[in-house]
Amino acid sequence: MKLIKISLLLFLLCGCTQYSSPARQTWSHYLGGASFTDMTEMSRVAKRPVYLGAGGKLITAVANPGADMAYGDKASNDNLLARQYMANLEYELYDALRKPGISVQRAGTDVVIILVRDAIMELDRADISASGNDTLKTIAKILNKHNATFIEIAGYTDAMRDKNAANALSMDMAQRVGVYFSRHDVNTARMFIVARGSARPIAAQDDIGRLTNRRVEIRLAPAR
């Protein structure tokens with residue numbers, strides 16, 4: 001009864017709606033077109049024909065060149081277009097995601113969204129929470145608006161003795177987010193989905209740090 005009251009209070013406060021992931025045996029249907037590998041420069045080049053064949057767009061096809069691009073070589077202009085496009089994407093994400101447990105960062109021309117597990121997932125079970133539904137819906141809308149990007153969805157856990165369990169848990173989180181985006185019309189040909197287990201911790205492995213290390217990182221790279 002106490003949990004029901006708390007859930008009702010959260011619903012009234014944030015106006016969030018509950019979301020349930022589809023049955024696991026259907027995930028491959030939703031994630032058709034996604035690549036289960038790191039989003040490296042080489043993997044993006046290899047994926048580009050599939051991405052374009054699935055209706056993907058390049059930065060040069062969607063960005064609006066400024067007057068300062070009237071002169072100069074194509075490579076320099078393309079780089080400037082990519083920087084401007086990704087800067088606009090970063091600003092929009094930053095303004096829309098001012099919530100605890102969520103951060104938006106730049107990494108070169110890429111943009112990285114860090115989602116701490118408890119900010120998007122249920123506390124007591126492996127599924128997306130009502131507040132997580134609200135957050136991921138916002139991200140999906142922005143991804144569909146800025147659709148000339150590749151998307152890497154990486155799951156992470158805190159330090160675990162069983163590496164296989166860590167990889168399984170981190171893949172579960174990453175795939176759930178990928179399925180969510182697919183169900184909200186994000187082109188799966190843009191996606192790279194990976195499980196990194198307890199690798200690359202971003203906080204200490206104490207009680208508070210472990211909560212931070214359990215996360216999903218969404219890395220966005222310009223498609224060109």
Side-chain angles (χ1 to χ4, degrees), residues 3-4 6-8 10-39 43 47 50-51 53-56 93 96-97 99 101-102 112-147 149-158 160 162 164-197 211 213-220:
L3 286 175
I4 294 174
I6 292 174
S7 299
L8 179 60
L10 289 173
F11 173 82
L12 293 173
L13 288 175
C14 71
C16 305
T17 55
Q18 189 59 53
Y19 168 87
S20 294
S21 297
R24 185 182 295 276
Q25 59 265 30
T26 68
W27 288 8
S28 60
H29 166 73
Y30 289 104
L31 297 176
S35 298
F36 289 83
T37 185
D38 291 340
M39 187 179 68
S43 64
K47 192 178 181 71
V50 176
Y51 167 73
L93 286 167
L97 299 174
K99 300 178 181 180
I102 302 172
V112 180
I113 309 166
I114 299 176
L115 304 167
V116 173
R117 184 198 182 281
D118 290 352
I120 61 169
M121 303 282 288
E122 297 284 3
L123 298 179
D124 56 350
R125 63 190 181 94
D127 207 352
I128 293 167
S129 63
S131 59
N133 176 36
D134 183 60
T135 295
L136 293 175
K137 186 181 295 184
T138 297
I139 296 173
K141 288 180 179 178
I142 296 174
L143 292 180
N144 285 329
K145 178 181 177 181
H146 298 270
N147 58 357
T149 51
F150 287 113
I151 307 164
E152 181 186 75
I153 306 169
Y156 295 87
T157 67
D158 55 320
M160 298 176 64
D162 189 333
N164 290 330
N167 287 334
L169 287 172
S170 59
M171 178 58 80
D172 179 271
M173 287 190 293
Q175 285 185 296
R176 283 185 193 277
V177 172
V179 168
Y180 184 97
F181 286 158
S182 174
R183 296 183 76 189
H184 287 77
D185 301 322
V186 178
N187 187 350
T188 55
R190 301 167 63 187
M191 296 183 194
F192 296 81
I193 298 176
V194 291
R196 297 206 173 107
L211 295 176
N213 289 326
R214 300 170 194 163
R215 68 195 190 277
V216 173
E217 292 190 5
I218 302 170
R219 188 181 189 97
L220 308 173

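- Partners of Asn187 by side chain to side chain donor-acceptor pair (under 3.5 Å), not counting sequence neighbours: none found.
- Side-chain contact check for Met121 versus Ile128: some heavy-atom pair is nearer than 4.5 Å.
- When the side chain to side chain donor-acceptor pair (under 3.5 Å) test is applied to Arg219, the partners found at least two apart in sequence or on another chain are Asp110.
- Asp185 is linked by a side-chain contact (heavy atoms from CB on, under 4.5 Å) to Asn144, counting only residues two or more places apart in sequence or in another chain.
- To the nearest 0.5 Å, atoms CD1 (Ile153) and CG (Leu220) are separated by 9.5 Å.
- Side-chain contact between Met173 and Ile120 is absent, with no heavy atoms from C-beta onward closer than 4.5 Å.
- Atoms CG and CD1, on Leu143 and Ile113 in that order, are 6.0 Å from each other to the nearest 0.5 Å.
- With hydrogens and angles disregarded, no donor-acceptor distance shorter than 3.5 Å links the side chain of Ser170 to the backbone of Ala195.
- Between Gly178 and Leu31 the shortest heavy-atom distance is C-CD2, 3.5 Å.
- Annotation: side chain to side chain donor-acceptor pair (under 3.5 Å) contacts of Lys99 (sequence neighbours excluded): Asp134, Thr135.
- Tyr30 meets the ring-ring contact (aromatic ring centres under 6.0 Å, His included) test with no other residue; sequence neighbours excluded.
- No side-chain heavy atom of Leu97 sits less than 4.5 Å from a side-chain heavy atom of Leu115.
- Contacts classified as salt bridge (charged side-chain N to carboxylate O under 4.0 Å, His left out) and involving residues 173-182 (residues at least two apart or in different chains) are given here: Asp127-Arg176, Asp172-Arg176.
- Shown here are the salt bridge (Lys or Arg N to Asp or Glu O under 4.0 Å) partners of Arg215, two or more places apart in sequence or in another chain: Glu217.
- In terms of heavy-atom proximity, Ala54 sits nearest to Ala189 at CB-CB, 3.6 Å.
- Applying the ring-ring contact (aromatic ring centres under 6.0 Å, His included) rule to Tyr180 yields the partners Tyr19, His184; only residues at least two apart in sequence or on another chain are considered.
- Every side chain to side chain donor-acceptor pair (under 3.5 Å) that Thr149 has, sequence neighbours left out, goes to Arg190.
- Residues Ser129 and Ser131 bring a donor and an acceptor atom of their side chains to less than 3.5 Å of each other.
- Relative to the six-membered ring of Phe192, Lys47 meets both conditions, a distance below 6.0 Å and an angle of at most 45° to the axis.
- Between the side chain of Ser43 and the backbone N or O of Asp38 there is at least one donor-acceptor pair closer than 3.5 Å.
- Residues that satisfy the side-chain contact (heavy atoms from CB on, under 4.5 Å) test with Ala96, not counting sequence neighbours, are Thr138, Ile142.
- Applying the side-chain hydrogen bond (donor to acceptor under 3.5 Å, both in side chains) test to residues at least two apart or on different chains, the pairs with a partner in residues 112-122 are Gln18-Glu122.
- Between Arg183 and Pro22 there is a side-chain heavy-atom pair separated by less than 4.5 Å.
- Residues Asn213 and Tyr156 form no side-chain contact, since every pair of their non-hydrogen atoms from C-beta on lies 4.5 Å or further apart.
- The shortest side-chain heavy-atom distance between Met171 and Ile193 falls under the 4.5 Å cut-off.
- Sorted by first and then second residue, the ring pair (Phe, Tyr, Trp, His ring centres under 6.0 Å) pairs with a member in residues 124-147 read Tyr85-His146; sequence neighbours excluded.
- Here the straight-line distance linking atom OG of Ser35 with atom CD1 of Ile151 works out to 12.0 Å at 0.5 Å rounding.
- Summarising the geometry, atom CE belonging to Met191 is positioned 10.0 Å from atom CZ belonging to Phe36; distances are rounded to the nearest 0.5 Å.
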